[in-house]
Number of protein chains: 2
Amino acid sequence: MSRVFKALSDPSRRRVLQLLRAGPMSAGDLADQFAVSKPTMSAHFAVLREADLVHVEKSGKSMIYHLKLSVLEEALMGFAQTFGLGTEAVSTLPDGQEVLP
Amino acid sequence: MSRVFKALSDPSRRRVLQLLRAGPMSAGDLADQFAVSKPTMSAHFAVLREADLVHVEKSGKSMIYHLKLSVLEEALMGFAQTFGLGTEAVSTLPDGQEVLP
DNA sequence: AATATATTTAGCTAAATATCTAAATGAGTC
DNA sequence: GACTCATTTAGATATTTAGCTAAATATATT
């Protein structure tokens with residue numbers, strides 16, 4: 001849990017996760033989106049791996065990173081729930097309409 | 001946002017927030033729940049203040065800390081939402097039953 | 001086998017963090 | 001005003017972090 005929040009405490013790492021939302025991406029393609037050196041990004045990837053927020057698949061000479069959305073969800077929502085957050089029934093019905101008893 | 005996640009990345013600080021869920025508490029009473037020195041806890045409190053997760057009220061010679069649940073909620077759920085998390089309509093209806101169109 | 005490409009590891013610096021003890025500040029109390 | 005209690009600040013040290021360049025590793029390609 002600490003590792004997840006630590007991972008999320010850096011804007012670059014949060015952006016990596018956002019990029020991976022759209023689908024798996026190689027380390028190089030990810031790194032190209034950032035202004036820092038590739039070794040620096042590699043270190044960020046390592047932090048995300050240690051937090052188990054991504055999973056890597058080897059493909060030829062590339063490393064393909066995948067977002068582990070379920071892990072993010074579990075950590076974020078699990079923690080939120082310990083504060084009673086995130087589980088209130090929020091209506092998605094048109095305004096004024098209700099589910100009848 | 002970074003500051004919030006940084007604040008949440010420490011177990012002691014997360015526990016401080018949990019303790020404050022039950023209601024406001026003084027710095028000393030909070031610190032008594034932990035094995036580290038008071039100055040160390042004071043530093044943790046400062047991190048929580050900088051993340052705007054708590055607010056402090058002076059009372060006599062004590063400092064009373066309050067949880068800012070709304071700030072925690074905004075940060076946590078706001079971030080979750082950028083991943084499509086936390087807003088899925090989770091049915092609270094009896095199994096098999098549905099809202100008709 | 002030599003070369004090229006993709007990524008990580010090594011080794012470094014600078015800055016931030018967590019911890020401590022001792023000292024300073026602030027607010028009641030005698 | 002002197003004393004006590006609650007908390008924070010100062011100063012020291014050890015660890016971690018983010019960043020860099022240069023080197024190493026692994027896989028393809030020629």
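Keep in mind that the numbers below use all heavy atoms, side chains included, and drop hydrogens, waters and symmetry copies.
If you take CZ of B:Arg13 and P of C:dT19, they are 8 Å apart, rounded to a whole angstrom. In this structure, CG of A:Asp29 is placed 9 Å from P of C:dA6, rounded to the nearest angstrom. Going from atom CZ of A:Phe5 over to atom P of D:dT16 covers 21 Å, rounded to whole Å. Separating the CZ atom of A:Arg49 from the P atom of C:dT8 is a distance of 6 Å, rounded to the nearest angstrom. With rounding to whole Å, A:Phe45 atom CZ is found 8 Å from C:dT7 atom P. As rounded to whole Å, 9 Å separates atom C1' of D:dT8 from atom CE of B:Met63. B:Lys6 places its NZ atom 10 Å from the C1' atom of D:dA18, with the value rounded to the nearest Å. Atom-to-atom, CE of B:Met41 to P of C:dT19 comes out at 9 Å; the value is rounded to the nearest Å.
Checking C:dT19, D:dT21, D:dT7 against every side-chain atom of B:Ser26, the shortest atom distance belongs to D:dT7. Closest contact between the side chain of A:Thr40 and the listed nucleotides C:dA18, D:dG19, D:dT7 involves D:dG19.
Here B:Tyr65 lies in heavy-atom contact (under 4.0 Å) with sugar-phosphate atoms only. Within the nucleic acid shown, A:Ser37 comes within 4.0 Å of at least one base atom, counting heavy atoms only.
At a threshold of 4.5 Å between non-hydrogen side-chain atoms, the residues A:Leu8 and B:Met1 do not count as touching.
Ion pairing of A:Lys6 with B:Asp10 is absent here, as no side-chain N (NZ or NE/NH1/NH2) approaches a carboxylate O to less than 4.0 Å. Taking the charged nitrogens against the carboxylate oxygens, A:Arg3 and A:Asp52 have no contact shorter than 4.0 Å, which rules out a salt bridge.
Between A:Phe5 and A:Phe79, the ring planes are perpendicular. Angles over 60° get that label, and only those under 30° would be called parallel.
Contact annotation: B:Ser62 side-chain N/O to D:dA6 OP1/OP2 distance is not under 4.0 Å. Side-chain N/O atoms of B:Lys58 include none lying less than 4.0 angstrom from OP1 or OP2 on C:dG26. Under 4.0 angstrom from either OP1 or OP2 of C:dT8 there lies at least one side-chain N or O belonging to A:Ser42. Contact annotation: A:His44 side-chain N/O to D:dG19 OP1/OP2 distance is under 4.0 Å.
Of the two residues near DNA chain D, A:Lys61 and A:Val47, the one whose nearest nucleotide lies more 5' is A:Val47.
Residue A:Val56 is not grouped with residue A:Ile64 when hydrophobic side chains (ILVMFWY) are merged at heavy-atom distances under 4.5 angstrom, including chains of intermediate members.
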